[in-house]
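Only one structure is covered here, and it is reproduced in the block below.
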Amino acid sequence: MTQIIDTKTVKHVAFLVRMGISDGEAQSFSQQFSAIIDFFNLLNEVDTHDTPPATQVIHANMVLREDAAQPSMPREDFLKNAPESEEGYVKVSTVLGEE
Amino acid sequence: MELSSLTLRSAQEMLRSKQISSVELTQAMLDRIRKIDPQIQAYVTVTEDVALEQARRADERLATSENVTPLTGIPFGVKDCLSTKGVRTTCSSKILENYVPQYNATVIDKLADSGAVMLGKHNMDEFGMGSSCENSAYFPTRNPWDLTRVPGGSSGGSAAAAAAGLGLFSIGEDTGGSVRMPAGFCNVTGLKPTYGRVSRYGLIALASSFDSIGPMAREVYDVAAVTEAIAGLDKRDSTSSTLPVPQYTQSLGKSVKGMKLGIPKEYFVAGMEAGVESAIHKAIQQFEALGMEIHEVSLPHTKYGLPVYYLILFAEASANLARFDGTRFGLSVRDGAEDVIDVYLRTRAAGFGDEVKRRIMLGAYTLSAGYYDAYYLKAQKVRTLLRQDFEQAFEQVDALIAPTCPTTAFKIGEKTADPLEMYLSDIYVTATNPAGIPSLAVPCGFSQGMPVGMQLMGKHFNEETLFQIGHAYQQVTDWHKQLPPLG
Amino acid sequence: MTKYETVIGLEIHAELQTASKMFCGCSADYASAPAANTNICPVCTALPGAMPVINARAVEQAVLVGMALNCTINPHNTFARKNYFYPDLPKGYQISQYELPIASEGWMDVPADLGEGTQRIRIRRAHLEEDTAKTFHRGDHALIDYNRAGVPLLEIVTEPDFRTVEAALAYATNVRAILRYLGVNSGDMEKGVLRFEANVSVRPIGSDELRTRTEIKNLNSFRALTRASAYEVERQIKLYESGGEVVQETLGWDEARGVTVSQRSKEHAHDYRYFPEPDLPPLQLAESFIESFRAHLPELPEAKTQRFLRDYGLKLQDAALLASERSLADYFEAVTAQTKDSAKVVCNWLTGEFMRQINDRALSVDSIPIPAAHLAQLIDLAFDKTVSGNTAKSVLVEMFQSGRAPKDIVEAQGLGQISNEGVLKEMVIKLIADNPKEVASYLGGKETLLQWFMGQVARATKGKADPQAVKQLLLDEFEKLRK
Ligand SMILES: [Zn+2]
């Protein structure tokens with residue numbers, strides 16, 4: 001059975017991940033996504049009733065960090081990469097619906 | 001000095017015996033890049049000043065014989081997904097076209113400490129998403145063996161550079177075959193180490209639970225030497241292993257007699273190019289001649305490897321790539337945007353290529369409310385089974401052998417129309433990453449003039465065994481010495 | 001007409017007092033940062049390739065709080081990515097604990113709604129996460145400071161067990177006291193180190209349904225918590241009574257107008273797409289590690305209150321007040337141990353004039369400027385009748401001003417009380433001799449004149465005479481005259 005991911009779903013997902021897409025793109029993504037998801041559905045034939053999900057592949061002994069403050073990286077270098085900055089802050093367009 | 005056939009090991013000897021200085025070697029490499037690379041386009045950025053400065057310092061170390069490591073003075077290139085301080089790092093994406101990091105990846109620091117000389121950054125499929133290097137936002141890299149063909153991906157630039165002698169080794173990155181598949185296409189030796197063996201700190205993440213940084217070079221010795229330099233615990237990467245790093249180069253040369261090599265029967269089914277299959281079978285005969293025992297083994301969940309791999313990758317990538325939002329670095333499309341959300345939408349639309357968009361969106365879809373259990377969670381469960389397959393196989397054998405790809409390098413443009421068909425070219429290399437095991441790609445012949453690669457897979461943290469077997473093979477074969485027909 | 005009952009659940013976001021951030025080595029003390037973006041690194045600004053590493057101290061603090069709130073500490077707990085886009089969230093996801101938090105299934109008793117006894121509030125979970133950056137809105141744009149990004153947060157979530165706003169307030173107050181006791185949070189609400197979120201719904205009394213709830217976010221004070229919750233309860237009741245329906249939504253609190261406001265915008269259509277954080281292996285806490293913390297757990301406010309009732313015979317209200325702050329409770333016990341007088345007297349001092357001085361001078365009980373030994377000395381001076389009660393109070397004021405020891409102040413200013421019987425007896429005899437009319441009147445039955453006589457002595461001695469001693473002497477002399 002082929003699962004259809006319609007353009008409405010594509011657009012919803014696109015907004016979730018903040019991806020601007022055109023109607024034409026939504027159309028072609030819809031077809032591609034349906035085929036890929038169909039391929040993923042191959043997993044449905046595996047019985048995983050008693051199988052735990054894998055989380056970490058190798059059980060490394062995680063080393064926690066000692067709580068000690070380190071010096072900051074230089075702000076000028078950081079702001080050099082920022083598209084816009086102002087008075088040491090990173091500047092962005094405002095969020096609608098907020099003051 | 002014949003640069004095209006120079007290996008890391010022979011360069012090492014020349015540097016130590018003062019037949020050549022690192023500055024001379026580096027300058028010769030830079031000249032060769034200038035001459036050869038325009039037809040291959042392996043490099044996105046060449047860092048001439050950095051290289052010559054590092055070479056000068058390497059020469060000082062070599063002159064005093066102090067603090068000399070096997071990599072001191074050796075020029076290399078690195079896939080453009082490792083953060084390099086002061087050197088533009090793009091992931092071959094428009095969204096990072098002008099991003100200059102202010103910190104080094106741990107691997108870059110380690111290489112700098114060892115005295116290696118960075119020539120530049122390699123082209124790749126955008127954010128590692130692709131199997132042909134055609135998904136670079138800048139240009140496709142070409143296969144040095146046939147410029148109309150792809151070098152494989154996503155570490156295509158790294159493989160092509162190593163094959164064409166544009167650096168004595170490359171640092172690639174393997175999320176699901178991205179080192180091994182292009183290594184096979186370009187006739188170089190490459191390692192995907194065990195997950196956690198090499199620090200990922202500073203590696204721009206594709207799939208965090210798969211990503212493995214690994215070297216590519218002319219022969220096993222070179223790869224072993226580089227692995228030794230870059231492996232080990234890193235307190236900045238919580239998934240890096242506390243296990244000590246063996247001296248890999250010292251285990252080379254041991255006999256493989258009596259060791260057991262497994263042939264996973266599920267890998268040898270319909271769909272493999274005849275020339276690839278016969279090259280692999282000849283390699284198996286070669287191992288038998290070296291005294292290895294050959295056993296057929298079963299990895300019953302093999303056919304689920306690809307969907308498991310892609311499902312988990314899409315999910316992890318969808319989150320990993322959320323930080324590219326035009327706020328702190330990289331492309332930001334602000335003109336005409338009404339608010340910050342609009343900036344996100346426009347920036348990501350303009351900055352990412354189609355394959356990246358597909359994967360981010362599909363990843364979000366499979367994680368979204370109502371689908372998590374059916375897709376992401378299901379994939380993680382089958383991943384457990386994949387891993388158990390390998391564990392059971394390694395109870396019977398020391399290593400497994402398989403091709404790196406069902407075909408040799410395909411034509412540029414051949415598979416770009418259908419994303420799913422492109423995914424299928426990764427069929428032999430993807431299962432190792434969900435399992436986290438190491439795998440070494442070794443050249444093993446030619447099919448219609450194009451290189452064929454095999455991979456040797458081993459137990460977790462058992463890179464040594466793979467190097468030992470690969471090295472033994474390269475002692476009795478000369479496939480890895482074959483050079484592409486370049487001017 | 002239907003009567004409604006309040007149903008509230010609380011989430012408390014508490015910043016932990018660590019030296020460094022949750023997942024990187026940057027200083028967590030953003031309040032003291034010299035300027036914007038000066039406590040930053042690749043990790044907390046989400047530069048490509050940076051990776052998180054868990055702060056061991058934050059884990060320890062979370063374990064302590066979990067224990068103090070009677071939670072189960074989970075030896076196997078995990079981190080997850082909570083995905084959403086917002087300018088204050090650099091990675092595009094927040095690392096938080098989702099499926100397996102560090103602590104779960106705790107409880108706290110709060111005073112019952114009506115009359116005596118207590119009500120048990122179930123605590124669903126406490127989990128570690130990271131704070132966001134600070135955003136400053138400036139008209140058509142916003143400015144971001146990442147100094148706060150990545151500061152460790154502990155989120156403590158209750159079940160919807162509160163039936164009154166007062167119970168929610170009592171719980172929140174207790175949690176704050178506990179966090180301060182454990183030294184994991186300053187409790188300084190003005191700095192935003194504690195933030196509340198109230199999930200509010202109402203239902204007809206007697207029903208056990210859970211109706212649609214609203215979430216009031218970002219409540220930064222107890223006052224905002226109580227006012228916003230009370231407002232929301234009223235709003236929902238009115239809505240039901242007028243035939244309306246409550247819509248599930250996120251609300252903000254407009255302090256100035258005293259109303260909750262909808263934050264419905266496209267930003268709030270969330271689907272967080274949680275999945276396990278692949279950069280962090282599960283956090284495994286050995287049983288021995290967890291148990292080692294039980295020993296570190298200090299006596300908490302509730303237990304201390306009970307002990308003060310038992311050991312010192314204080315009133316409940318006083319015991320609870322003294323126990324509400326660890327430093328105050330410690331001070332009380334230190335003074336009590338050093339004075340000849342009783343714990344009750346110490347308590348009266350502390351809850352009376354002493355507290356007034358602390359409040360008037362805007363001091364914190366964390367930094368009481370008077371050594372316990374000095375206060376004990378003052379109480380002893382009063383106990384020995386070296387100074388009168390009123391004098392002692394003015395000596396205390398002087399102690400706050402100058403920091404000097406009470407004995408020094410009394411000596412220097414000659415404030416010592418005259419309790420020498422010889423001196424006082426002489427004065428009393430002279431007083432009686434000088435005022436025959438008043439004496440006759442007193443002896444004739446106008447006994448209220450006793451106060452007048454005492455007042456005369458007080459005036460002559462500038463208040464330094466021990467009134468009890470003067471009274472006794474007067475009574476003795478009058479008795480002699482009667483005979
Ligand atoms: Zn930081």
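No hydrogens, no waters, no symmetry mates; every other heavy atom, side chains included, goes into these values. Below, read A as the first sequence line, B as the second, and so on, with proteins coming before strands; counting in each chain starts at 1.
By number of non-hydrogen pairs under 4.5 angstrom with chain A, the leading residue of C:C44, C:G252, C:P42 is C:P42. Considering only heavy-atom pairs separated by less than 4.5 Å from chain A, the leading option among C:A142, C:P276, C:C24, C:C41 is C:A142. Ranked by heavy-atom pairs under 4.5 Å with chain C, the list A:V17, A:N81, A:L64, A:V90 is led by A:V90. Highest contact tally toward chain C, considering only A:R65, A:E84, A:Q70, is held by A:R65 [criterion: heavy-atom pairs under 4.5 Å]. Among A:P71, A:P74, A:A69, A:P53, the residue making the largest number of heavy-atom pairs under 4.5 Å with chain C is A:A69.
For C:Y146 and A:F78, the distance between ring centers is under 6.0 angstrom. Ring pair C:Y272/C:Y84: centre-to-centre distance below 6.0 Å.
Counting heavy atoms of neighbouring residues, nucleotides and ligands inside a 6.0 Å radius, atom CD of A:E45 exceeds 12 of them.
Using a 4.5 Å cut-off between heavy atoms, A:V63 contacts chain C through its backbone alone, with no side-chain atom that close. Using a 4.5 Å cut-off between heavy atoms, C:L283 contacts chain A through both its backbone and its side chain. Proximity to chain A (any heavy atom under 4.5 Å) is restricted, for C:D140, to the backbone atoms N, CA, C and O.
Paired with C:Y98 under the rule side-chain contact (heavy atoms from CB on, under 4.5 Å), one option of C:Y274, C:F275, C:F79 passes, and it is C:Y274.
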Run the numbers on C:R148 and C:D131 for salt bridge (Lys or Arg N to Asp or Glu O under 4.0 Å), then give the verdict.
CA-CA 7 Å; C:R148 195 182 68 182; C:D131 211 342; 3.6 Å; yes
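In terms of heavy-atom proximity, C:Q97 sits nearest to C:L128 at OE1-N, 3.1 Å.
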